[in-house]
Colleague: 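Let me begin by handing over the structure; questions about it come next.
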Amino acid sequence: METMSLSKLLLSSNNITGQIPLLPRELYYLDISRNFLSGPLPLNLGAPRIECLILRSNNFTGQIPVSFCEFDEFKNGLSGKFPPSLQSCTSITFLDLSWNRLSRKLPMWISNLVRLRFLKLSYNKFDGHIPTNITDLSQLYHLNLAANSLSGVIPWQLSNLEAMTKRKSMLRKLPNNYSRGVDRYLSRFKHMVGELSVTTKRQDLKYQGFALLGIVTIDLSSNYLTGRIPSGGQLDTLYNNNPSMYDGNAGLCGDILKKKCPGNDASNDYGSYKDHYELLYLCFGLVIGFVLGLWVVFSTLLFKKSWRIAYFRLFDKPLAIPKHTVNQHLTLQLINHLAMLMRHPTIAAAAASSFLLLMIAADGQAATPPPPAAIGNYCEPRERDALLAFKEGVTDDPAGLHASWRRGGGQLQEDCCQWRGVRCSNLTGHVVKLRLRNDHAGTALAGEIGQSLISLEHLRYLDLSMNNLAGSTGHVPEFLGSFKSLRYLNLSGIVFSGMVPPQLGNLSNLRYLDLSGIRLSGMVSFLYINDGSWLGHLSNLQYLNLDGVNLSTVVDWSHVLNMIPSLKIVSLSSCSLQSANQSLPELSFKELEKLDLSNNDFNHPAESSWIWNLTSLKYLNLSSTSLYGDIPRALGNMLSLQVLDFSFDDHKDSMRMSVSKNGNMGTMKANLKNLCNLEVLDLDCRLEYGNITDIFQSLPQCSPSKLKEVHLAGNTLTGMLPNWIGRLTSLVTLDLFNNSITGQVPSEIGMQTNLRNLYLHFNNMNGTITEKHFAHLTSLKSIYLCYNHLNIVMDPQWLPPFKLEKAYFASITMGPSFSRWLQSQVDIVALAMNDAGINDTFPDWFSTTFSKAKLLEFPGNQISGGLPTNMENMSLEKLYLKSNQIAGLIPRMPRNLTILDLSNNSLSGPLPLNIGSPKLAELNLLSNRITGNVPQSICELQNLHGLDLSNNLLHGEFPQCSGMSMMSFFRLSNNSFSGNFPSFLQGWTELSFLDLSWNKFSGNLPTWIGNFSKLEILRLKHNIKLEILRLKHNMFSGNIPASITKLGNLSHLDLASNSISGPLPQYLANLTGMVPKQYYTNEHEERLSGCDYKSLVTMKGLELEYDEENVTVVTIDLSSNLLTGVIPEDITYLHRLINLNLSSNYLSGKIPYSIRDMQSLESLDLSKNMLYGEIPQSLSDLSFLNLSYNNLMGRIPLGTQLGTLYDQNHHLYDGNDGLCGPPLPKSCYKSDASEQGHLMRSKQGFDIGPFSIGVAMGFMAGLWIVFYALLFMKTWRVAYFCLLDKVYDELQYLKKNENRACRAGTEVLRCKLHQLFWAYILP
């Protein structure tokens, strides 16, 4: 590209891969965003003139090159700490690092980026304090640090940011032609920046072009900042523009938030010190200004007669206004004149004093107000206008609530007291009640609560609940605190956000307050209260509902409630309350009857709570509160209690029943015998253990018993049900699900005439159920006996006294024939008889008796014959008949059917042309004997999510069903389908499971296969969402499309036994479904109940079956194809991969050494390829390995695991003639010498070749440096030789002394050695 003459290049939103090459020299604009480019950013782009470079939404790694600092602005995605490479980027003007995972402290050197105008670091994880030297950024006028973890106080220097304090005045002074120059500047990066989102006046506004220069904003919301907010300066102005700039910092305080700061706040000492001196400076300035202003005006008017005359004439003019127009015009005229005077600095001070005098004069001349209007039979015009103004703020009124709210049409229609939802006082005519509650889905009002309602000064009742009236701000209006007469306020179900205004504390007459976030269209309220002290001012309050309002910072919430003695009903569910063990010496709210604290996280012992002292309570809900330990004995003193819910709300099973337990359990210490008013007791998943008999003995023993509901599910209770259970004559619901109760079901249970719901499933009960157990259960509607060891044996002529609606008898023996007593159960809605031992055909009465049924389950029996006739008239929605012996054709099905599972039967013949169920969502016909082609009519099932036709005798091409775009499960395996890869699948972007294996499909795999973003399993074996993609055992050819790496959820890829050629695709690391999750996510898309997720995986040399619904085996099987090239290194990044099978291909190259990083890999099959080189040591950690028939060589790595693998498979290394060493009989002795040299190089890192070269080069360099110095530097040369001469002379002197000593001495040997030494040194 470097030779091209391009100046502008736009390549965004493509599938470009690889790295950035050298760019054309003339290029100044490059947009390659939203591609798959990877690798580090180049140090040299090759385009010195480039001004705009857009790289977002790629896969770049590494650091930001310093060369990129030449750009005026920078915006990209990063992680880690604040990029240190930006330290030298002093020319940057725009820096947006928002929505990343940057962490640690903001660096002090950020002040070096002196040209910064925009700095946006929101939505990261920065911590520490805000650097005080950030004010050195003299050109900064947009600062966004929201949504981080910053702490400490706000630096007072932020109020003195130079660009922010001068920005508006600078813009006013800009010449007209200046904006054109600025636009030229902004045009360089407006494509990069796009529209800048700025939170102003609690709205996200978009700015671009010249408008960017007018943005002056600071956003510090959603951090952990504390202390006093600096007052004065630019911060006050910015707060008026954006009142949410401090939201989410519970520790902030100050006048601007109307929240008092602690008096001894050490963190605010400097702020107080600063405020003190600012006040002194202000006073001093006022004195000086006053003196100067006084003398300037005095001297001017004294010595300038013409100015004096004009001055007084100017102020005479407004006083000449006629008296009857004073009230309408005087104030406006005075303000206008004052503004004009302020433009003349010489008379500004005098103008201020004159304005005060004129206001006094105007007040004296003002006309007296008119007398109040006479009270009539119609509403006040002022209040009517207020209601009409409120109507204008409503943008949608589906139910026509405001149809009668209009002007004109006679006096009656203009009377707002007759309007729908409005009520007036019969005495005064004032509006006292406004009820616009929405009680029906789809009829909610939309818009905002207009401030015009403030004119309804006499309003006593206001109900706007269950509407969409949050408005553009989404906040609860503050003006609602102005209704002094209001007694009833209901805003529940409106999706408000932000802080509940404390002004509501002014409603001293309020009796009823409901701000709960009741679910509305799947949403809940996001309101919060920081300081709940204002609630204590509502001294007359009787009803308080704050469900869903965040009260996590209101630690003294119980003390606040204790200040309202009139309370009768309190509901604080899901309020993020932290504890309920505060010390309350005296309870003042003794009239409290109902208390709901469910779904809070108290997390302390239940016995330590003050709640048990509320003996006046009739209703107490503590479900899912994390209170742990034993149920306190004090509960037995709450004699007025009627309803107690102390359960733990857990997950539900298919029968809508709780199945799991929590970790905050205890025992039952309380004795409830005296709670004679108790009607409902719910302790689901609350008890750690206990005996069912003991529990029942502690229940109220009063006569008559009022106990209607007993819920003890999920408590690991043991023992047997007592025979005297019949004494609980008022019992309506008995729930003992999921315990360990043993023994027989007592027949006395049949005496419960009021019993409607009996849940005994998932226990260890045994014995036989007879008609005696049901003798008097005339009210019974639901019975769950499944998964016990029970038999149901009834007299064939017995007629039950009840009409069941739900009956679950799974795993209960009821066969071998269909029980005749079921024929009378014509009100059945749900019936489950799984594995019930039925060996019969469908009875004639089946379709008529169960005509009202929505759910029928009969899998795992031996039902034979054909399907029932006349099924199209049934109300069935779900029908499960799998694993029986049903034969024959598929008849016309019920019209409302959504799930049909007929898998593993003996159905035959072709598929019906019209199955009769247009709402069908799941159709499972797996493992039958269905023949022929798939009819085109199947494409009419537009709601189909799952289709399984595998293991049948179908053939031909599948119809072109492009409209079935909701399909997520599609399996056609083990048939004889033919043709190319189905093109209609291109629109099925919801696929998560695709299995076309064992068919006769052919052709190339399409490039658009990467569009299946949700695919988990892909199988094209012997022949291809995707979580699961199986295309094995077909005749597909061509290359594997590179787009397959876009399948980010893929965890099962099976393309085995096809004719696919070419190399393995690059960037396999993009298969993020095979790499460890960085954060918690749901492992799968929601599974379809009517589809079978079991699949075969070729792993460890065997065909193993796995249930993909519960266990995902992360696997890649590309075996038995024509693949060539090397094994890409990035395949080793798939750390969740368990099975990798690349056998029977033509792969070459070495086995990647980093394969050791695949920590989850258990099975690796690389056999029958052309791989060469040595076996990596890391392969010794596998549990299955096959490397046979390659060109591997060298010694086999040592390791006990490889020895074990060889013992399991003696053919592990077959066909590799170059391998040697144990466990093979071939010795490596002949190559030991060369191998030792290799080991020295590979293990020790030492190589004699480079070392020798280094020594030689070093010697030559040293030699020539000395030679060069002595040759060309005469002074060095003279000094060098003088030194040598001196040393030589010294040595000669020493030699002579030694010779003289030897001639005089007797040590002959020593002298001989000295002579030899000197002879060598000085020859």
Side-chain angles (χ1 to χ4, degrees), residues 652-659 709 711 713 732-735 737 752-762 769 773-774 777-788 790 792 794 798-812 814 818-836 838 842-861 863 867-882 892-902 916-922 943 1088-1090:
K652 306 290 183 180
D653 67 1
S654 59
M655 293 173 281
R656 309 302 300 169
M657 303 301 295
S658 178
V659 296
E709 296 183 24
H711 300 269
V732 175
T733 298
L734 177 60
D735 183 1
F737 155 69
Q752 304 285 348
T753 56
N754 294 310
L755 192 64
R756 290 177 56 90
N757 308 302
L758 178 60
Y759 305 127
L760 301 179
H761 52 308
F762 287 95
I769 303 292
H773 290 81
F774 302 115
L777 301 183
T778 55
S779 302
L780 193 64
K781 295 298 181 183
S782 300
I783 181 169
Y784 291 60
L785 299 178
C786 50
Y787 302 108
N788 282 283
L790 299 170
I792 296 181
M794 301 291 184
W798 176 71
L799 289 177
F802 47 73
K803 296 292 184 182
L804 292 176
E805 295 177 356
K806 296 181 181 180
Y808 286 84
F809 301 124
S811 79
I812 305 298
M814 299 182 66
F818 280 95
S819 301
R820 293 191 59 182
W821 65 268
L822 289 174
Q823 186 175 356
S824 64
Q825 303 305 302
V826 293
D827 292 335
I828 279 285
V829 175
L831 174 63
M833 296 174 61
N834 315 43
D835 303 301
I838 305 295
F842 287 106
D844 298 338
W845 44 264
F846 186 91
S847 298
T848 54
T849 297
F850 301 139
S851 61
K852 297 180 181 179
K854 305 292 184 182
L855 167 68
L856 292 177
E857 294 185 22
F858 296 95
N861 289 284
I863 302 174
L867 289 166
T869 57
N870 301 322
M871 292 184 67
E872 64 270 21
N873 297 322
M874 301 177 69
S875 302
L876 266 179
E877 296 178 0
K878 299 178 181 180
L879 178 60
Y880 299 94
L881 297 175
K882 72 174 184 178
R892 193 178 180 88
M893 289 291 165
R895 180 170 181 79
N896 294 324
L897 197 65
T898 60
I899 298 178
L900 176 60
D901 187 353
L902 298 173
S917 304
K919 300 179 182 179
L920 204 60
E922 301 174 32
N943 296 317
L1088 305 178
S1089 61

Colleague: With sequence neighbours left out, write down each residue that passes side-chain contact (heavy atoms from CB on, under 4.5 Å) with Pro918, or none if nothing qualifies.
Modeller: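 If we apply the side-chain contact (heavy atoms from CB on, under 4.5 Å) test to Pro918, skipping adjacent residues, the hits are Arg895.
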Colleague: Apply side-chain contact (heavy atoms from CB on, under 4.5 Å) to Ile812 and Ile769, showing your working.
Modeller: CA-CA 10 Å; Ile812 305 298; Ile769 303 292; over 6 Å; no
Colleague: Asn870 side chain to Ser847 main-chain N or O, any donor-acceptor pair under 3.5 Å?
Modeller: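 Side chain of Asn870 to backbone of Ser847, a donor-acceptor pair under 3.5 Å: no, none is there.
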Colleague: Taking CG in Asp844 as the centre, count heavy atoms belonging to other residues, nucleotides or ligands within less than 6.0 Å. Is the count above 12?
Modeller: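 For Asp844, atom CG is not crowded (no more than 12 foreign heavy atoms under 6.0 Å).
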Colleague: Name all residues meeting the side-chain hydrogen bond (donor to acceptor under 3.5 Å, both in side chains) criterion together with Thr898; count only those two or more places apart in sequence or in a different chain, and write none if there are none.
Modeller: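 Partners of Thr898 by the side-chain hydrogen bond (donor to acceptor under 3.5 Å, both in side chains) criterion come out as none, since no residue qualifies.
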Colleague: In Å and rounded to the nearest 0.5 Å, what is the CG to CD1 distance from Leu879 to Ile899?
Modeller: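 The CG atom of Leu879 sits 10.5 Å away from the CD1 atom of Ile899.
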Colleague: Using the test ring pair (Phe, Tyr, Trp, His ring centres under 6.0 Å), find all partners of Phe846 that sit at least two apart in sequence or belong to another chain.
Modeller: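 For Phe846, the residues satisfying ring pair (Phe, Tyr, Trp, His ring centres under 6.0 Å) (neighbours in sequence not counted) are Phe842, Phe850, Phe858.
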Colleague: Going by the rule side-chain hydrogen bond (donor to acceptor under 3.5 Å, both in side chains), which residues pair with Asn754 if we only count those two or more places apart in sequence or in a different chain?
Modeller: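 Here no residue qualifies.
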Colleague: What is the distance from atom CG of Asn873 to atom CZ of Arg892, rounded to the nearest 0.5 Å?
Modeller: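 Reported to 0.5 Å precision, the distance equals 10.0 Å.
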Colleague: Only counting residues at least two apart or in another chain, list the ones meeting side-chain hydrogen bond (donor to acceptor under 3.5 Å, both in side chains) with Asn834.
Modeller: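 side-chain hydrogen bond (donor to acceptor under 3.5 Å, both in side chains) check on Asn834 returns Glu857.
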Colleague: So, for Ala832 and Tyr808, which heavy atoms are closest and what is the spacing to 0.1 Å?
Modeller: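 So the minimum-distance heavy-atom pair works out to CB-CD2, 3.4 Å.
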Colleague: Please enumerate all residues that pass side-chain contact (heavy atoms from CB on, under 4.5 Å) together with Ser782, with sequence neighbours excluded.
Modeller: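 With sequence neighbours excluded, Ser782 shows a side-chain contact (heavy atoms from CB on, under 4.5 Å) to Asn757, Tyr759, Tyr784, Lys806, given in chain and number order.
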Colleague: Are any of the side-chain heavy atoms of Thr733 and His711 separated by less than 4.5 Å?
Modeller: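 In short, these two side chains touch, coming nearer than 4.5 Å.
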Colleague: According to side-chain hydrogen bond (donor to acceptor under 3.5 Å, both in side chains), who are the partners of Asp827, at least two apart in sequence or on a separate chain?
Modeller: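 Applying side-chain hydrogen bond (donor to acceptor under 3.5 Å, both in side chains) to Asp827 gives Lys852.
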Colleague: With sequence neighbours left out, write down each residue that passes side-chain contact (heavy atoms from CB on, under 4.5 Å) with Arg820, or none if nothing qualifies.
Modeller: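 Checked Arg820 against side-chain contact (heavy atoms from CB on, under 4.5 Å); matches are Gln797.
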Colleague: Could I get the full list of side-chain contact (heavy atoms from CB on, under 4.5 Å) partners for Gln825, not counting sequence neighbours?
Modeller: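 Here the qualifying residues are Pro800, Phe802, Leu804, Trp821, Ile828.
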